Amino acid sequence: MLSNKRIQELELVMEFEKVEECFKEVSSWIENVGRKRLKETINLDDSLEMLLQAQKQFKEFDLVASEYCKRGQEALKKMNQWEDFSFVDVHSYRIKLQTYEDQLEEFCTQLDETRHRVCETVRLYEFFDKVRQGISCTEEGVKS
């Protein structure tokens, strides 16, 4: 039994190392690229044209960021099997996993919120642009 326990511990450690490589890559991208790009979208431009350009750029970033989120979430799913190994000492690995999971969850949430904010801001500016055009048409009609 002790031998089986040690073999399972080694298998889990080997699996964790594979997953950790994925998490390191995802984590590095989040810290070095993802968070910076999200901060860039905090101040959206004042014109509809510039806002549409920012939305286009964000959509391109969003595709890449969503892929990193997906990769991180898939790696986490692989590690869910650890819940079944309560007899194996994996506490230190669970702490690392929790750190990665928290970082990933925070970033994915910020990405979703930014996606929603950009979309809603574009819709609002499009609405105001239509209102402005309607007012201009009405003013021209009154002058005639």
Side-chain angles (χ1 to χ4, degrees), residues 5-144:
K5 179 181 176 184
R6 293 292 177 218
I7 289 171
Q8 287 178 330
E9 285 177 347
L10 287 173
E11 288 173 348
L12 287 174
V13 168
M14 289 172 27
E15 182 68 23
F16 179 80
E17 288 174 355
K18 290 179 194 174
V19 170
E20 188 174 34
E21 282 302 312
C22 175
F23 273 123
K24 283 181 180 178
E25 182 182 336
V26 170
S27 179
S28 176
W29 185 88
I30 287 172
E31 292 304 318
N32 297 321
V33 178
R35 290 194 194 283
K36 290 176 184 176
R37 290 290 304 271
L38 284 179
K39 286 179 183 177
E40 290 172 5
T41 60
I42 288 175
N43 297 322
L44 296 171
D45 291 314
D46 291 338
S47 73
L48 180 59
E49 182 180 319
M50 295 299 287
L51 187 59
L52 290 171
Q53 179 65 27
Q55 182 186 37
K56 180 183 175 189
Q57 291 171 351
F58 178 78
K59 284 182 178 182
E60 292 168 2
F61 163 74
D62 188 27
L63 288 173
V64 175
S66 294
E67 184 59 34
Y68 275 96
C69 288
K70 181 180 172 184
R71 286 176 56 202
Q73 289 164 347
E74 287 173 359
L76 278 174
K77 284 180 187 176
K78 288 180 184 178
M79 299 318 295
N80 282 341
Q81 66 178 341
W82 284 31
E83 300 301 321
D84 299 335
F85 293 101
S86 58
F87 57 89
V88 179
D89 184 22
V90 292
H91 181 71
S92 62
Y93 297 106
R94 285 188 179 153
I95 291 171
K96 285 183 179 182
L97 279 175
Q98 187 63 50
T99 302
Y100 289 131
E101 184 175 14
D102 292 346
Q103 179 194 36
L104 182 65
E105 185 177 314
E106 178 189 358
F107 178 76
C108 292
T109 298
Q110 289 175 345
L111 181 65
D112 289 342
E113 290 170 353
T114 303
R115 183 184 308 117
H116 179 73
R117 186 173 51 81
V118 168
C119 181
E120 288 302 308
T121 304
V122 167
R123 285 183 34 180
L124 185 63
Y125 270 73
E126 287 172 339
F127 171 77
F128 283 135
D129 194 53
K130 288 179 184 177
V131 169
R132 196 174 309 127
Q133 288 174 0
I135 290 172
S136 294
C137 290
T138 303
E139 287 176 348
E140 288 177 17
V142 170
K143 289 180 183 178
S144 299

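Computed from a prediction, not measured in an experiment: that's the story for all the values here. Sequence positions, counted from 1, serve as the residue numbers for this chain.
Using a cutoff of 4.0 Å between basic side-chain nitrogens and carboxylate oxygens, Asp62 and Lys59 are not scored as salt-bridged. With salt bridges taken as basic N to acidic carboxylate O contacts below 4.0 Å, one links Glu25 and Arg71. One finds no salt bridge joining Glu126 and Arg123 here, because no Lys/Arg side-chain nitrogen approaches an Asp/Glu carboxylate oxygen to under 4.0 Å. Ion pairing between Lys78 and Glu15 fails under the 4.0 Å rule for side-chain N and carboxylate O.
Side chains of Tyr100 and Glu20 form a contact here, defined as non-hydrogen atoms less than 4.5 Å apart. With a 4.5 Å cut-off on side-chain heavy atoms, Glu113 and His116 do not count as touching. Looking at Thr114 and Phe58, their side chains come closer than 4.5 Å, going by heavy atoms from C-beta outward.
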Verdict with reasoning, Gln98 to Glu101, per side-chain contact (heavy atoms from CB on, under 4.5 Å) | CA-CA 5 Å; Gln98 187 63 50; Glu101 184 175 14; 3.7 Å; yes
Assess whether side-chain contact (heavy atoms from CB on, under 4.5 Å) is satisfied between Tyr68 and Leu104, documenting all intermediate values.
-> CA-CA 9 Å; Tyr68 275 96; Leu104 182 65; over 6 Å; no
Show the numbers, then the answer: is there a side chain to side chain donor-acceptor pair (under 3.5 Å) between Glu31 and Gln103?
-> CA-CA 9 Å; Glu31 292 304 318; Gln103 179 194 36; 2.8 Å; yes
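Side-chain atoms of Thr41 come within 3.5 Å of backbone N or O of Leu38 as a donor-acceptor pair.
A search for salt bridge (charged side-chain N to carboxylate O under 4.0 Å, His left out) contacts involving Glu49 returns nothing, not counting sequence neighbours. Residues passing the salt bridge (charged side-chain N to carboxylate O under 4.0 Å, His left out) test with Glu74: none are found, sequence neighbours excluded.
The aromatic rings of Trp29 and Phe107 stand perpendicular to each other, their planes meeting at an angle above 60°, with 30° marking the opposite boundary.
In terms of heavy-atom proximity, Gly72 sits nearest to Val26 at N-CG2, 4.2 Å. Leu48 approaches Val122 most closely through the heavy-atom pair CD1-O, 4.3 Å.
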